[in-house]
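Inspection log for the structure reproduced underneath, given as structure tokens.
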Amino acid sequence: MAESIYDQIEIEDMTFDPALQIYHYPCPCGDRFEISIDDLRDGENVAVCPSCSLMIEVIFEPEDLPPPEGMMEAAGKGVAIVV
């Protein structure tokens, strides 16, 4: 069954919620389209609105996504270089 996409939205136009690890974007019904960062990393690119049947295609490059939380913490524990 083919999906019916309401619109295509650049990920830069979406809002990222770091606590929930989701991107969201306003839906015309008054709710919001949502897609998790894990779904995006897994190659999914369709955000759905939980209140209606609308869906949007998220346009993004995988390398532009925030790093996984574990990677961010590991990056903060790097070796300090004293000059």
Side-chain angles (χ1 to χ4, degrees):
M1 181 171 99
E3 295 176 339
S4 179
I5 302 297
Y6 169 72
D7 203 355
Q8 293 179 326
I9 303 297
E10 297 278 341
I11 199 164
E12 294 85 12
D13 295 329
M14 299 181 79
T15 303
F16 182 63
D17 183 332
L20 297 176
Q21 295 289 293
I22 62 166
Y23 279 92
H24 56 89
Y25 187 81
C27 180
C29 80
D31 203 348
R32 61 188 186 180
F33 299 100
E34 298 179 345
I35 189 166
S36 74
I37 188 83
D38 290 334
D39 287 344
L40 291 167
R41 287 189 185 113
D42 288 342
E44 296 291 327
N45 69 336
V46 176
V48 297
C49 175
S51 296
C52 71
S53 62
L54 294 179
M55 296 179 277
I56 57 172
E57 180 179 358
V58 181
I59 309 299
F60 71 102
E61 296 294 328
E63 58 269 10
D64 293 336
L65 296 174
E69 285 187 14
M71 297 286 282
M72 288 175 44
E73 292 171 9
K77 296 179 183 174
V79 177
I81 299 174
V82 179
V83 181

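FYI, the numbering just counts along the sequence from 1.
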Checklist entry - Do you reckon F33 sits in the same ILVMFWY cluster as I9, going by side-chain contacts under 4.5 Å, direct or chained? => result yes
Checklist entry - Are L65 and F16 grouped together when hydrophobic residues (ILVMFWY) are joined by side-chain heavy atoms under 4.5 angstrom apart? => result yes
Next on the checklist: Would you say I11 ends up clustered with I22 if hydrophobic residues are merged whenever their side chains have heavy atoms under 4.5 Å apart, either directly or through other cluster members?
Outcome noted: no
Next on the checklist: Assess the residue pair C52 and C27 against the criterion (side-chain contact (heavy atoms from CB on, under 4.5 Å)); give the C-alpha distance rounded to whole Å, side-chain angles, the decisive distance to 0.1 Å, and a yes or no.
Outcome noted: CA-CA 9 Å; C52 71; C27 180; 3.6 Å; yes
Item to check | Rounded distance [0.5 Å steps], CE in M14 versus CG in L40 | outcome: 7.5 Å
Item to check | Heavy-atom closest contact (R32 atom, P50 atom, distance) | outcome: O-CD, 3.3 Å
Item to check | Same apolar cluster: Y6 and M55, side chain cutoff 4.5 Å | outcome: no
Checklist outcome for this item: Here the gap from Q21 atom CD to I37 atom CD1, rounded to the nearest 0.5 Å, amounts to 6.5 Å
Next on the checklist: Would you say that Y23 contacts V58 through its side chain, given a criterion of any heavy-atom pair below 4.5 Å between the two side chains?
Outcome noted: no
Checklist entry - Below 4.5 Å, heavy atoms only, C-beta onward: do L54 and P28 meet side chain to side chain? => result yes
Checklist entry - Of all heavy-atom pairs between I5 and D7, which one has the smallest distance, and what is that distance? => result CG2-O, 3.1 Å
Checklist entry - So how far is it from E10 CD to E57 CD, rounded to the nearest 0.5 Å? => result 10.0 Å
